[in-house]
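Report on the following structure.
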Protein chains: 2
Amino acid sequence: MANVEPDEAAVCTAMGDILNRIGDKWSVMVVGRLKGGTMRFSELRRAIDGVSQRMLTLTLRNLERDGLVTRTVYAEIPPRVEYTLTEMGCTLTGPIGALWDWAAEHQDQVAQARAVYDRAQAGAEEPERRRA
Amino acid sequence: MANVEPDEAAVCTAMGDILNRIGDKWSVMVVGRLKGGTMRFSELRRAIDGVSQRMLTLTLRNLERDGLVTRTVYAEIPPRVEYTLTEMGCTLTGPIGALWDWAAEHQDQVAQARAVYDRAQAGAEEPERRRA
DNA sequence: CCGAATCCTTAACGATACTG
DNA sequence: CAGTATCGTTAAGGATTCGG
C-alpha cells in the first residue's frame, strides 16, 4: 500500500458509486438547487417539478448518507426540516457544473446526431421502399 | 424566444438526457477507455471487466446515436469493428475527468460518512438495547 | 469476431394512503 | 409539513443462444 497511484480498481469502484448517486435522476437537481443555499423539504419538492415525495425523500437520504447534505429537524408544529450542502457537497457542484455546461453547450448537437441516426435506421429497416 | 438565457427548462431536460447517458453504468468506462484512442469491440470487452456483451453493444449504440463515438466496420473474415471518440466525444472527457478526479479524491470521505450514518441507523433501530 | 434475439430476475420508480 | 409503508408497473441488466 501507500503506492503513488491510488489503486485503479478501487477508483473504478468508487467511480461507479459516485455515478450511481449522480446519475439517479434527482440527485443532480437537488444539489443544483441546494447550491443556492439552505432549503426545506417542501421548497425542494415544489422547485424540482416532477419529483414524487417518495423519491425526494430517498434522494435526500442517500445524499445525507454519503455526507453530501445535512438534514436539520426543528421540533416545531408544524414540523420543519432543512437541507444544506455540506462542505464536501459544495465541492461536487464544480464537476456537476462542468457537466451541466457541457449539456447546455452540446444539447443541439446531440439532438441532431440522434435525428440523423434515427432516420438512417428507419431507412435501413425498410428496404422494400427502395424503389417505391 | 431568442432570449439571452438558453431556456432553463430545456437545459434541464437536456441535462436529464445527458445524465441518463453518463449515468448508465458503462458509458463512462467506455469513454474513459476510448480516450486513449481507437479500440475494437473485443478489446473494450476485455478492458472493461464485468460488462456483458449485450450491455457493451447497447452502450456503444447509444453513444453512437448521440454522436459521441463512431463505429467502423471492416468487411473482413473474421469481422473487425472499431470504435473511436468523435470530436464531441472528446469534449466530454473533460467534465467526466473532473468527476473522476472528484471520486478519487473523496471516496474515503464518502465511505466514512456512510459508515457513520449506517452505524447511527443501526443504533436508532434497536432502542430495546438501551439498558442491556 | 461481432452482435441480434430471447428469457428471466431484480431494481427503480410512481401513486396512493396513512402517521406524528 | 415531513415522512413511512404498501402496491403495482416498468425498465435495466445478466445469461444464454443463434446467426452473418
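We name chains A, B, ... by the order of the sequence lines, and we start the count at 1 in each one.
Straight-line distance from the CG atom of A:Leu60 to the C1' atom of D:dT4: 15 Å, rounded to whole Å. Atom CG in B:Asn62 sits about 14 Å away from atom P in C:dG3, given to the nearest Å. A:Ile77 has its CD1 atom 12 Å from the P atom of C:dG20, to the nearest Å. B:Leu44 places its CG atom 9 Å from the P atom of C:dC2, with the value rounded to the nearest Å. Computed from coordinates, the B:Met39 CE to C:dC1 P distance equals 15 Å when rounded to whole Å. The interatomic distance linking A:Leu58 (CG) with C:dA11 (P) rounds to 15 Å, in whole Å. Distance, B:Tyr74 OH to C:dC2 P: 12 Å, rounded to whole Å. If you measure from atom CE of B:Met55 to atom C1' of C:dA11, you get 13 Å, rounded to the nearest angstrom.
B:Arg40 comes within 4.0 angstrom of the backbone, heavy atoms only, and of no base. Across all strands shown, B:Tyr83 has heavy atoms under 4.0 Å from sugar-phosphate atoms exclusively, and none from any base. Across all strands shown, A:Glu76 has no heavy atoms under 4.0 Å from either base or sugar-phosphate atoms.
One finds a side-chain N or O of A:Arg71 lying less than 4.0 angstrom from the OP1 or OP2 phosphate oxygen of D:dG3. When the side-chain nitrogen and oxygen atoms of B:Lys25 are compared with OP1 and OP2 of D:dA11, none of them lie within a distance under 4.0 Å.
For the pair B:Thr93 (side chain) and B:Cys90 (backbone), a donor-acceptor distance under 3.5 Å is present. In this structure a side-chain-to-backbone donor-acceptor pair under 3.5 Å is missing from A:Arg65 to B:Ala113.
Neither side chain, A:Thr59 nor A:Asn62, offers a donor N or O lying under 3.5 Å from an acceptor on the other. Between B:Thr84 and B:Thr38, the side chains place a donor N or O and an acceptor N or O closer than 3.5 Å (distance only, hydrogens not considered).
With hydrogens and angles left out, the side chain of A:Arg54 and the base of D:dG3 share no donor-acceptor pair within 3.5 Å.
Residues B:Ser42 and A:Val51 both approach DNA chain C. Their nearest nucleotides, taken by heavy-atom distance, put B:Ser42 toward the 5′ side. Remark on DNA chain D: of its neighbouring residues A:Pro78 and A:Arg61, the 5'-side contact belongs to A:Pro78, judged by nearest-heavy-atom nucleotide. Residue A:Asp24 is the one, among A:Asp24 and A:Pro79, whose nearest nucleotide of DNA chain C lies closer to the 5' end (criterion: closest heavy atom).
Summary of helix geometry: the two end axes of the helix from C:dC1-D:dG20 to C:dG20-D:dC1, each defined by five base pairs via their C1' atoms, are inclined to each other by 40° (rounded to 10°).
Within the 4.5 Å cutoff, the side chain of A:Gln107 has no heavy atoms near those of the A:Trp102 side chain. The closest side-chain heavy-atom distance from B:Arg114 to A:Asp17 is below 4.5 Å. Here the side chains of A:Tyr83 and A:Arg40 are not in contact, with every heavy-atom distance at 4.5 Å or above. Contact check for A:Leu99 versus B:Leu92: side-chain heavy atoms found under the 4.5 Å cut-off.
Taking the side chain of A:Thr57 as heavy atoms from C-beta on, and the options C:dC1, D:dC1, D:dG3, the nearest nucleotide is D:dG3.
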